[in-house]
Amino acid sequence: MTYKYRAVLLDIYRRSPSKVQLNQISPSALKQQGIEILALDFDGVLAAHGKTYPNQELDNWLNESIKLFGAKNIFILSNKPMQKRIAYFKSYGIDFITEVKKKPYPDGLNKIIALTGKNNQKIMLFDDRLLTGCLAACIAKIPVTYISKPYKLTPFFISLRFLERAIIQLYAFIK
Ligand SMILES: [Mg+2]
């Protein structure tokens, strides 16, 4: 799948400004673009890897998004659906997508399409991984924002990110 979508993935990578974090993206600008549903990755995007709760500096961003889009139109799509995370978002009325094949399978995004009944183009996924979230978005034909400056990374994830960018660029070179 990475090979099939190599050109699209490279395009996502090249077109994303460097050092993008979620709170630099204006929820109202997204709304103006016609986006109605937000799908948020957790690790790297909402908090550092393995954390239970979103980073406090995102409080305003999340509150504004809930106000603009409605909690029922915001979904958490993480490959680590921990019980505490699920419960936390539930208290805000935000669904955590569970019981689906992990990204890059598009199943989680397809579940969001099924739950909301919205057209693919009305959904935006925010993810810090090219070969999981961004690839899933390509397969599900959903717009994606690549979070290029994720929250604190462990050396393992730094290597992983380096590797996936290298793979995509190599594949694109092969044509
Ligand atoms: Mg992530």
Side-chain angles (χ1 to χ4, degrees), residues 1-2 5-6 8-25 27 30 35 37-59 61-62 65-66 69 73-90 92 94-113 120 123-169:
M1 279 312 214
T2 303
Y5 289 96
R6 65 196 186 280
V8 192
L9 286 169
L10 187 70
D11 195 46
I12 290 168
Y13 172 53
R14 286 196 174 148
R15 277 189 303 125
S16 332
S18 60
K19 299 185 177 171
V20 170
Q21 288 192 311
L22 195 58
N23 57 5
Q24 292 163 351
I25 297 158
L30 288 166
I35 296 300
I37 308 288
L38 305 181
L40 308 170
D41 174 37
F42 190 94
D43 295 275
V45 173
L46 291 173
H49 282 260
K51 295 273 188 225
T52 306
Y53 305 113
N55 196 304
Q56 276 190 348
E57 65 181 35
L58 288 174
D59 283 355
W61 193 93
L62 284 167
S65 297
I66 290 172
F69 295 91
N73 292 318
I74 302 173
F75 296 88
I76 310 299
L77 183 59
S78 162
N79 280 351
K80 285 185 202 155
M82 289 154 44
Q83 279 312 316
K84 277 186 176 171
R85 289 180 175 179
I86 295 170
Y88 174 84
F89 285 103
K90 200 174 178 167
Y92 289 90
I94 295 175
D95 265 347
F96 207 109
I97 298 296
T98 57
E99 291 162 8
V100 287
K101 279 189 188 170
K102 292 182 190 302
K103 298 171 281 184
Y105 284 99
D107 303 37
L109 290 169
N110 287 335
K111 189 170 177 176
I112 294 172
I113 296 171
N120 306 33
I123 303 169
M124 176 73 82
L125 171 71
F126 299 84
D127 208 292
D128 66 323
R129 290 288 313 284
L130 290 164
L131 296 189
T132 57
C134 295
L135 182 53
C138 292
I139 298 168
K141 297 183 171 56
I142 278 178
V144 61
T145 298
Y146 175 52
I147 300 297
S148 51
K149 189 173 186 282
Y151 282 109
K152 229 196 259 161
L153 292 168
T154 59
F156 173 73
F157 281 103
I158 291 171
S159 324
L160 209 59
R161 286 172 61 81
F162 176 79
L163 204 66
E164 66 178 12
R165 290 197 296 253
I167 288 170
I168 285 165
Q169 290 180 80

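Counting starts at 1 for both ligands and their atoms, following the listed order. Positions are given from 1, in the same order as the sequence printed here. None of these values were measured; they are calculated from a predicted model.
- A tilted orientation is assigned to the rings of Tyr88 and Tyr53, their planes being inclined by 30° to 60°.
- In terms of distance to the Mg ion (ligand 1), the nearest N, O or S atom of Asp41 is named OD2.
- Its N, O or S atom nearest to the Mg ion (ligand 1) is what matters here, and for Asp128 that atom is OD1.
- Shown here is Tyr105, whose OH atom has no more than 12 heavy atoms of other residues, nucleotides or ligands within 6.0 Å.
- Using a 4.5 Å heavy-atom cutoff, the side chains of Arg15 and Tyr146 are not in contact.
- When the Mg ion (ligand 1) is compared with the N/O/S atoms of Asp43, atom O turns out nearest.
- Glu57 and Tyr151 share a side-chain donor-acceptor pair at under 3.5 Å.
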